[in-house]
There are 2 protein chains.
Amino acid sequence: MADLSIDVVAKAAGVHRSTVSRAFSRPEAVKSETREHILRIAEGLGYTMSPLAQALRTKTSTFVPLIVPDITNPFFAELAKTMTQAADERGYQLLLCVTNGDPAKTEGYFTAMQAMYAPFGIVAPSTKVDTDALKRFDFGHKVVVIDRVEGDSSVPTVTVDGRRGIVLALEHLRSLGHTSIGYVSGISGTHTAQDRMDAYLELSAEGSSTPLVLDSGSDPDAAARAAKHFLEMEKPPTAIIAANDMVAFAVISALGQSGIRVPEDVSVMGFDGLALGARFNPPLTTVRQPIADMGNIAIELAEKQNLNGSVDHVVLEPELLVRASTSGPRK
Amino acid sequence: MADLSIDVVAKAAGVHRSTVSRAFSRPEAVKSETREHILRIAEGLGYTMSPLAQALRTKTSTFVPLIVPDITNPFFAELAKTMTQAADERGYQLLLCVTNGDPAKTEGYFTAMQAMYAPFGIVAPSTKVDTDALKRFDFGHKVVVIDRVEGDSSVPTVTVDGRRGIVLALEHLRSLGHTSIGYVSGISGTHTAQDRMDAYLELSAEGSSTPLVLDSGSDPDAAARAAKHFLEMEKPPTAIIAANDMVAFAVISALGQSGIRVPEDVSVMGFDGLALGARFNPPLTTVRQPIADMGNIAIELAEKQNLNGSVDHVVLEPELLVRASTSGPRK
DNA sequence: TCGATTGCTGAGATCGGTTGCAATAACACT
DNA sequence: AGTGTTATTGCAACCGATCTCAGCAATCGA
């Protein structure tokens, strides 16, 4: 497989390279016999066009960066998975960029992607997105964010309705008979996380109950602290809502180590609907986010914006997913 | 930020573009004052070189593909995480390619990466790697595989010693007093998986005990079947070794749903050492693979091969990680 | 039958860099 | 002062495509 350039194919087919180029990228502009002949020859040689050269010349590539803080977090992993799929159904190539929460890295990826003529990018942030910072980049106006953003932003976004999710969780738990429901807010300063917490605080205050936030740290030990807090209470809540599935896992684990059983002693709900939750012990009741939809929609929004400059903000409906980590309150 | 090409900088600095080029990529070839002047101007303009153009001309880029079957699998996610790190410490840019186990996609990524002049690639397979198939690609001889491969392959590899891992697991369990130890082999036809299973079969036959494979399917329900099998036995094993952490999670979950408790009723061990395991219920005892090392070494091997053609096969030592899912056998 | 329109293909500039080679400047040495 | 090096920089071709423009043949209308 020596060097296979467009000229090689052109020569082999006895045409000029511009014709070969057209045969590939603007098929209707070349006589069908010629085209088929060229394509056949190219096929035989095992020729494919250089995306590099193409991008360089056309100033537009099919690379779509997906910027996530931590791929180890199953939420982002699932997002990445569905998005790769969604991306290449549409002819894009998803590039996964992991920032570890470092804003400098995020910027680095931005300039890199700009340099690679990515048509747009997707950002799933771990902190509130500073849209102004985004726009400092030439590339910043071609980004869709998977989170809510501040103000009347000109950046397209996809989110799920966190408040609605909390409503579902609360309804589920109350219908089971729980009246004392705590909350553990793990990590993150995203708007999404904020919204969930706010919704909890507001909605759980309804009726006779009072909100109870067991812990709101964002470090790895937050769940352990929440568990400790729980154990020290003389009248602990009979149910707990965790800000997301990972936190729920950690809470259940920490509780378990102190002999507290879920759901026998306390019900615990997550929020995300990770596939992993089905394999947890016990399988986790949770509020499912339509992650696959988010991925698809993110790309659609980006394309739409690129096309006609429209900036949409889509908010999706979450869905209750009852598994085994919740039950009636311990009598 | 209008179009910022090398010529713009050259004009601004009053030199020829070749000088600018050299100032960046071969600093010693240009007088230091000139260089600094150019760099300053470039800095001021916010100029960075186009990796595309560079790659096109030099026929070598810094893109390193990491090909994994499923990013949703925490093992690959952790690998990806440590490798992105390792990669950009060395000036590479890791491109995560997810195949979903589809060999066609793998090939697709190969040709794509070849086209992008990737210096080499890393493959973490989900099936036995067919090294001949690899070599059909021009790119195939620049790949390091994270698994053992068949025969006297000319492809560098990194693995951990699966047999040793099983020895550690067995020793741990036996020292706890277990004599009847089952095995659940989840997914995958990798050599790694095969090695573990073989080691179990051979080593568990020592002493008076006889091997007991609860299930060896690779589908999502394998763990459930294993659990069912366990429940139906009149004298089930007192401990179970799972082929990897994910399987262990699923087994514990399935067992839990039938009221079997871990480790009270049965001890369960995993294999991988996922961070997630620490948050499982109960925290999972497992055999840790040095994932971070694997990533670093994979890149080193690739570089070495590129440099002097050497093909090494590194096998790393696993390590016992005792958490809470194992204890003495139920009396 | 002839100019006009349309369809298809070739020429050559261009995208943003790199690099071998030539030219010039600077310095060393006899 | 004359000549041989060596350090710097400019020139121009090239990487592998795309794209505008022009040329040419075939088709069309009158």
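Order of the sequence lines fixes the chain letters, A, B, ..., with proteins taken first and strands second; residue numbering starts at 1 for each chain.
In this structure, B:Thr84 contributes its side chain and B:Ala80 its backbone to a donor-acceptor pair below 3.5 Å. A donor-acceptor pair is defined here as one N or O able to donate and one able to accept, closer than 3.5 Å; such a pair exists between the side chain of B:Asp147 and the backbone of B:Thr192. Between the A:Gln54 side chain and the A:Ser61 main chain, no donor and acceptor come within less than 3.5 Å of each other.
The rotation axes computed at either terminus of the helix from C:dT1-D:dA30 to C:dT30-D:dA1 lie 40° apart, taking five pairs at each end and rounding to 10 degrees.
Contact annotation: A:Ser5 does not reach the phosphate of D:dC15 (side-chain N/O to OP1 or OP2, under 4.0 Å). Taking side-chain N and O atoms only, A:Tyr117 has no distance below 4.0 Å to OP1 or OP2 of D:dA17. Dashed line: the shortest gap from a side-chain N or O of B:Ser25 to OP1 or OP2 of C:dG17 is not under 4.0 Å. An OP1 or OP2 oxygen of C:dT14 is reached within less than 4.0 angstrom by no side-chain nitrogen or oxygen of A:Lys59. Distances shorter than 4.0 Å separate none of the side-chain N or O atoms of A:Gln54 from OP1 or OP2 on D:dG16.
Of all the heavy atoms in B:Ile291 and B:Thr82, the pair that sits closest is O-OG1, 3.9 Å.
One can place CG of B:Leu56 at 12 Å from P of C:dG16, the figure rounded to the nearest angstrom. Between the C1' atom of D:dG16 and the CG atom of A:Leu4 lies a distance of 11 Å, rounded to the nearest Å. The separation between A:Ile6 atom CD1 and C:dC15 atom C1' is 15 Å, rounded to whole Å. To the nearest angstrom, P of D:dT8 lies 17 Å from NE2 of B:His37. Nucleotide C:dT18 holds its P atom 12 Å from the CD1 atom of B:Ile38, rounded to whole Å. The distance between atom CZ of A:Phe24 and atom P of D:dT18, rounded to the nearest whole Å, is 9 Å. For the pair B:Arg57 CZ and D:dC15 P, the interatomic distance rounds to 7 Å; values are reported in whole Å. Atoms CG (B:Asp7) and C1' (C:dC15) sit 10 Å apart, rounded to a whole Å.
Under a cut-off of 6.0 angstrom, the local environment of NZ in B:Lys304 is sparse, with at most 12 non-hydrogen atoms contributed by other residues, nucleotides or ligands. Within 6.0 Å of CZ on A:Arg90 lie more than 12 heavy atoms contributed by other residues, nucleotides or ligands.
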Between the protein and nucleotides 8-11 of chain C, which nitrogen or oxygen pairs are less than 3.5 angstrom apart?
from	atom 1	to	atom 2	distance (Å)
C:dT9	OP1	A:Thr34	OG1	2.4
C:dT9	OP2	A:Lys31	N	3.0
C:dG10	OP2	A:His16	N	2.9
C:dG10	OP2	A:Thr19	OG1	2.6
C:dG10	N7	A:Arg22	NH2	3.0
C:dG10	O6	A:Arg22	NH1	3.4

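In this structure, CD1 on B:Ile297 lies 10.5 Å from CG on B:Asp312, to the nearest 0.5 angstrom. One finds the CE atom of B:Met294 at 5.0 Å from the CD atom of B:Gln289 (value rounded to the nearest 0.5 Å).
Sorted by first and then second residue, the ring-ring contact (aromatic ring centres under 6.0 Å, His included) pairs involving residues 59-82 of chain A (not counting sequence neighbours) form an empty list.
Heavy atoms of A:Tyr47 sit under 4.0 angstrom from primed sugar atoms or phosphate atoms, though from no base atom.
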